[in-house]
Amino acid sequence: MTIGILGGGQLGYMLALAGYPLGLHFRFLDPSPEAPVGRIAQRVTADYTDQAALEKFSSGLELVTYEFENVPVEAANFLAERVPVYPPPAALEAAQDRLAEKGLFRKLGIATTEFTPVSNPGELHAAVKTLGLPAVLKTSRMGYDGKGQWILRTAEDVVKAKSELPPVKMILERFVTFTRELSVLAVRSRNGETAIYPLVENHHRNGILRLSLAPAPRLDVEIQRPAERAAQRILESLKYVGVLAIEFFEHQGELLANEMAPRVHNSGHWTIEGAVTSQFENHLRAVLGLPLGSTGPAGHCAMLNLIGDLPESAEVLAVPDAHLHLYGKSPRPGRKLGHVTLRAASPERLALRLSELPAFFHRPDFCLDAALVAPSASLRA
Ligand code: AMP
């Protein structure tokens with residue numbers, strides 16, 4: 001049984017690794033000849049808009065899924081006429097456009113950041129008047145990892161943004177002074193079964209995820225429940241199939257949905273070692289209509305992204321409870337090259353293990369301070 005995956009980056013790589021024990025085969029389509037999955041699976045190198053290549057790619061596949069949410073919806077629809085495509089292309093469409101996405105949150109009664117569409121300097125002026133400063137201006141489409149967004153703090157920032165406004169649909173959001181950022185991963189199977197992982201606490205630097213703590217420290221039902229309700233509403237309304245990630249701001253004890261991703265997610269990498277069933281395996285179970293696995297945590301985890309450069313493997317692996325994942329990509333500034341997950345039996349033990357990481361991780365951009373959650377004195381000694 002061969003599964004087709006659109007996008008050949010690390011998410012696809014880890015999906016395939018989770019699928020091999022289930023006896024699955026994989027075929028990837030990615031425009032880049034450097035896509036890391038080439039090392040472990042069949043890879044078709046072609047543009048997503050190349051219909052002849054899509055046709056060839058889909059031949060003999062059981063189904064198609066994606067690991068990259070900016071796959072053109074037309075490509076997903078073209079494939080859906082030939083093989084089942086999960087998650088449904090409608091989910092891809094909603095997630096690709098911040099305005100559509102926030103519109104969906106609103107429609108489903110999910111609290112979200114206040115926002116206004118902006119497509120010219122006059123509208124920006126009016127939007128700033130309504131929402132006030134600071135505010136965040138984002139391109140409605142094709143933004144990720146903090147790209148395509150500007151924080152407007154002062155009247156001068158607004159003047160500058162007006163004069164440099166790109167000729168695309170944009171969104172202005174109220175700046176949220178959040179206490180922390182959280183995400184939830186939910187999964188719905190072809191037969192309607194659903195399961196939800198515990199909330200994860202995320203720390204970003206320059207718009208890129210650096211550290212996830214899972215389950216989120218100080219996690220109580222008062223915030224887990226609303227996250228689950230939000231996820232269930234989206235899953236049901238889209239008749240979703242597969243893993244869905246939703247990112248939230250925690251603000252005055254409440255969750256505000258920021259965005260969603262219709263795919264496995266970086267803030268779910270901890271589930272490989274830290275949950276009974278990983279997000280990757282559960283995504284595959286869901287799209288195949290197999291029973292879902294438990295989303296229960298199997299310890300306390302910290303996941304650290306390796307961005308731009310890599311530590312010495314031996315130094316990482318010398319730390320008990322550390323697991324290293326390298327994606328086989330060549331180093332480049334800002335590029336996600338791998339991740340490390342530490343899994344421990346208690347938050348105190350996790351803090352101890354984090355403090356034992358080599359010097360490479362003690363740079364401020366790894367956000368380790370945030371992870372060293374109240375370790376007990378005896379364990380730290
Ligand atoms: P996004 O691409 O929407 O996930 O934004 C990237 C990061 O920018 C988020 O993880 C936040 O740290 C920050 N950010 C985005 N939107 C807002 C907002 N409305 N208020 C405050 N911070 C934001």
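Indexing begins at 1, ligand by ligand and atom by atom, following the structure's order. Along the sequence shown, residues are numbered consecutively beginning with 1.
Within ligand 1, counting atoms from 1 as listed, the ones closer than 4.0 Å to a heavy atom of T113 are 19 (N). For ligand 1, the atoms sitting less than 4.0 Å from at least one non-hydrogen atom of K138 are 3 (O), 15 (C), 16 (N), numbered in the order shown with element in parentheses. Annotation for ligand 1: atoms under 4.0 Å from non-hydrogen atoms of V136 are 17 (C), 18 (C), 19 (N), 20 (N). Near F249, with a cut-off below 4.0 Å to any heavy atom, the atoms of ligand 1 are 11 (C), 14 (N), 15 (C), 16 (N), 17 (C), 18 (C), 23 (C). Here is the list of ligand 1 atoms found below 4.0 Å of a heavy atom in F178: 12 (O), 21 (C), 22 (N).
For R43 and D30, the salt-bridge test fails: no basic side-chain N is under 4.0 Å from an acidic carboxylate O. No salt bridge links K160 with E156; every basic N to acidic carboxylate O contact stays at or beyond 4.0 Å. A salt bridge links E173 and K138; the closest N-O separation between the charged side-chain nitrogens and carboxylate oxygens is under 4.0 Å.
Here atom 11 (C) of ligand 1 lies nearest to E181 when heavy atoms of E181, H204, E101 are compared. Closest to atom 21 (C) of ligand 1 by heavy atom, among V176, L137, N258, is V176.
Checked by atom type, the side-chain pair H269/S212 shows no donor-acceptor distance below 3.5 Å.
Geometrically, R82 engages F78 in a cation-pi contact, judged by NZ or CZ lying under 6.0 Å from the ring centre and within 45° of the ring axis.
Sorted by first and then second residue, the side chain to side chain donor-acceptor pair (under 3.5 Å) pairs with a member in residues 319-328 read E273-H325, D321-R353, Y327-H339; sequence neighbours excluded.
At a heavy-atom distance under 4.0 Å, only side-chain atoms of Q149, from C-beta outward, approach ligand 1.
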